[in-house]
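Counting convention: from 1, in listed order, for ligands and their atoms alike.
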Amino acid sequence: MSTIKDSETQQQSMKRNLYHLIINGEQVASSNNATFKTFNPATGELIAEVAQATKEDTEKAIQAARHAFDYGKWKKSPINKRSRVLNKIASIMRARFNELVELEILDTGKSLSTAQGQVMQAIEDFEFYAGAIVGHRGVVNNVPGQFHNYTEKEPVGVCAQIIPWNYPLMMAAWKIAPAIAVGCSVVVKPASLTPLTAIILGEICLEAGVPEGVVNIVPGPGAEVGNYLVGHKQVDKVAFTGSTPIGKNIMERASQTLKRVTLELGGKSPNIVFADADIDAAVDGSLYGIFYNSGQSCEARSRLYVQEEVYEEFVGKFVEKTKKLQLGNPFDQGTHVGAIIDQNQLNVIDSYVKSAIADGAEILVGGKVAVVEGYENGFWYEPTVIANVNHEMKVVQEEIFGPVVVIMPFKDEKEAVKLANDSEFGLGSALWSKDAARTTRVANQIQAGIVMVNCPFSAFPGTPFGGYKQSGFGRELCIETLDLYTETKSIVSYYGSRPLNPLGV
Ligand code: NAP
Ligand code: MG
């Protein structure tokens, strides 16, 4: 069994006892020396202490970002220069890949292959935007006669970027890379449960040559640090990934200063298996769709609809494979499902499953807190499949954010679309069928930002990621994201030979 700890390429460790804030290009303690602890969810063990930003620190970070944006050279630097620095960030991350993976696993309890994929994607995001920025430009528009009109894309300014705990490094990359590519300055607030890799990414940005004040990292409680950022007059934009209730609260508060807002929120994504699908491929893709990242995924395909004719066959195979999923040492290549982020989340998951049982649903496999040998002090939940549900149940309508899927039969295409769209969310969706006309027809009717067709993956650098309905708005990971970190300025000029006298006076 190969583990990351075998790696010979490991350099000076990112692991420390204490991690600092990054403000104005420096690693600093908090203004009152306060720290908070971060734990390994797989074992319950303390990993490190982290400086906890105060309001004063957050204010300093905003002022550093403001100064860098208003007077610094980053936004004025040639695009090729910014592109080079983004590539440098990626190359430092590549050189320290194993350390980043190890730190991400320790802080989140996720499995090795899951962490490796996410760290690699974070790296590729910087490479993607290093290229994308070169082609991001304004346009020339058709205007009458002697006039000329062109547009410029100007960075929006100081951006507050608030990150969730499920993909700590990848979400930080999704936010920092496009923002600094266009010349913005950022103040990043990592999730309190998983602050470590975002702090390291901030340090790597400095090492790669991002000037002081352009990237600031301020871990601390959302209700204090996040709230302060959202309310601040000198912050121009908030980019938030997290839960729908906090997203709504942020949008309301950001409206007071008319900040630009993008929100990547919760989901309850449908996964539809038609009778004409390759059933084995659909089983494997659907397993990944829900149990990847222990189900702690905004686009987790947590509502599984299977056409009546193949329902029994599919459910039999799906349950059998669910039983084979390995929980255990996250550093083992053979572990499929990692830990749950903390005791609170474990309680949330368990209470949803209990509510389903109370509502009369049937647990086909799993259904309780898992006891994992050697990891008794960690937080684990059995991969769980629930059948015999109706569409009003909490377990069908609400996001659980854990390894729990509800499975139900449907009659025909029309019913599948109706059930899929019967949700307040609209982030991901998946279709399994060999009939391309059918998948095209259904894809066109699904109310979701992402439709995966015979495919379990939704997020490559370049693919737009974001939601419809209460899953938020704005798209990350793509070219369009650059527009969301810029304003369009329209420049209209007159080149006529005679002076204009529009009022005729
Ligand atoms: P959360 O509780 O909403 O927290 C997200 C972030 O917001 C954290 O950094 C949190 O800080 C901060 N925060 C909390 N209260 C705040 C406030 N009043 N003002 C400003 N910031 C505040 O969500 P989570 O539990 O970390 O993440 C899980 C959720 O994220 C799920 O609902 C999931 O669907 C969603 N998600 C969506 C996507 C997507 O792309 N659509 C991707 C990943 C996750 P603290 O950590 O200090 O509480
Ligand atoms: Mg942690």
Value rounded to 0.5 Å, distance of OG in Ser355 from CD1 in Ile400:
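Here the interatomic distance stands at 7.5 Å.
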Per-pair distances, ligand 1 N/O vs protein N/O, less than 3.5 Å:
{"unit_1": "ligand 1", "atom_1": "3 (O)", "unit_2": "Ser243", "atom_2": "N", "d": "2.8"}
{"unit_1": "ligand 1", "atom_1": "3 (O)", "unit_2": "Ser243", "atom_2": "OG", "d": "2.6"}
{"unit_1": "ligand 1", "atom_1": "9 (O)", "unit_2": "Ile163", "atom_2": "O", "d": "2.7"}
{"unit_1": "ligand 1", "atom_1": "9 (O)", "unit_2": "Lys189", "atom_2": "NZ", "d": "3.3"}
{"unit_1": "ligand 1", "atom_1": "11 (O)", "unit_2": "Lys189", "atom_2": "NZ", "d": "3.1"}
{"unit_1": "ligand 1", "atom_1": "23 (O)", "unit_2": "Ser243", "atom_2": "N", "d": "3.4"}
{"unit_1": "ligand 1", "atom_1": "25 (O)", "unit_2": "Trp165", "atom_2": "NE1", "d": "2.9"}
{"unit_1": "ligand 1", "atom_1": "26 (O)", "unit_2": "Trp165", "atom_2": "NE1", "d": "3.2"}
{"unit_1": "ligand 1", "atom_1": "30 (O)", "unit_2": "Gly242", "atom_2": "O", "d": "3.2"}
{"unit_1": "ligand 1", "atom_1": "32 (O)", "unit_2": "Glu399", "atom_2": "OE1", "d": "2.7"}
{"unit_1": "ligand 1", "atom_1": "34 (O)", "unit_2": "Glu399", "atom_2": "OE1", "d": "3.3"}
{"unit_1": "ligand 1", "atom_1": "34 (O)", "unit_2": "Glu399", "atom_2": "OE2", "d": "2.7"}
{"unit_1": "ligand 1", "atom_1": "41 (N)", "unit_2": "Leu265", "atom_2": "N", "d": "3.2"}
{"unit_1": "ligand 1", "atom_1": "41 (N)", "unit_2": "Leu265", "atom_2": "O", "d": "2.7"}
{"unit_1": "ligand 1", "atom_1": "46 (O)", "unit_2": "Ser192", "atom_2": "N", "d": "2.8"}
{"unit_1": "ligand 1", "atom_1": "47 (O)", "unit_2": "Lys189", "atom_2": "NZ", "d": "3.3"}
{"unit_1": "ligand 1", "atom_1": "47 (O)", "unit_2": "Ser192", "atom_2": "OG", "d": "2.5"}
{"unit_1": "ligand 1", "atom_1": "47 (O)", "unit_2": "Gly222", "atom_2": "N", "d": "2.8"}

cation_pi(Lys469, Phe425) dist<6.0 Å, angle<=45
no
List the residues meeting side-chain hydrogen bond (donor to acceptor under 3.5 Å, both in side chains) with Asn344, not counting sequence neighbours, and say none if there are none.
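So Asn344 forms no side-chain hydrogen bond (donor to acceptor under 3.5 Å, both in side chains) with any residue.
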With sequence neighbours left out, write down each residue that passes side-chain hydrogen bond (donor to acceptor under 3.5 Å, both in side chains) with Gln343, or none if nothing qualifies.
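Residues passing side-chain hydrogen bond (donor to acceptor under 3.5 Å, both in side chains) with Gln343: Asn347.
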Donor-acceptor contacts under 3.5 Å from residues 283-292 side chains, at least two apart:
{"unit_1": "Asp284", "atom_1": "OD1", "unit_2": "Lys321", "atom_2": "NZ", "d": "2.8"}
{"unit_1": "Ser286", "atom_1": "OG", "unit_2": "Asn271", "atom_2": "ND2", "d": "3.1"}
{"unit_1": "Ser286", "atom_1": "OG", "unit_2": "Ala282", "atom_2": "O", "d": "2.5"}
{"unit_1": "Tyr292", "atom_1": "OH", "unit_2": "Gln118", "atom_2": "NE2", "d": "2.8"}

For a quick check under 3.5 Å, do Asn24 and Lys60 share a side-chain donor-acceptor pair by atom type?
no
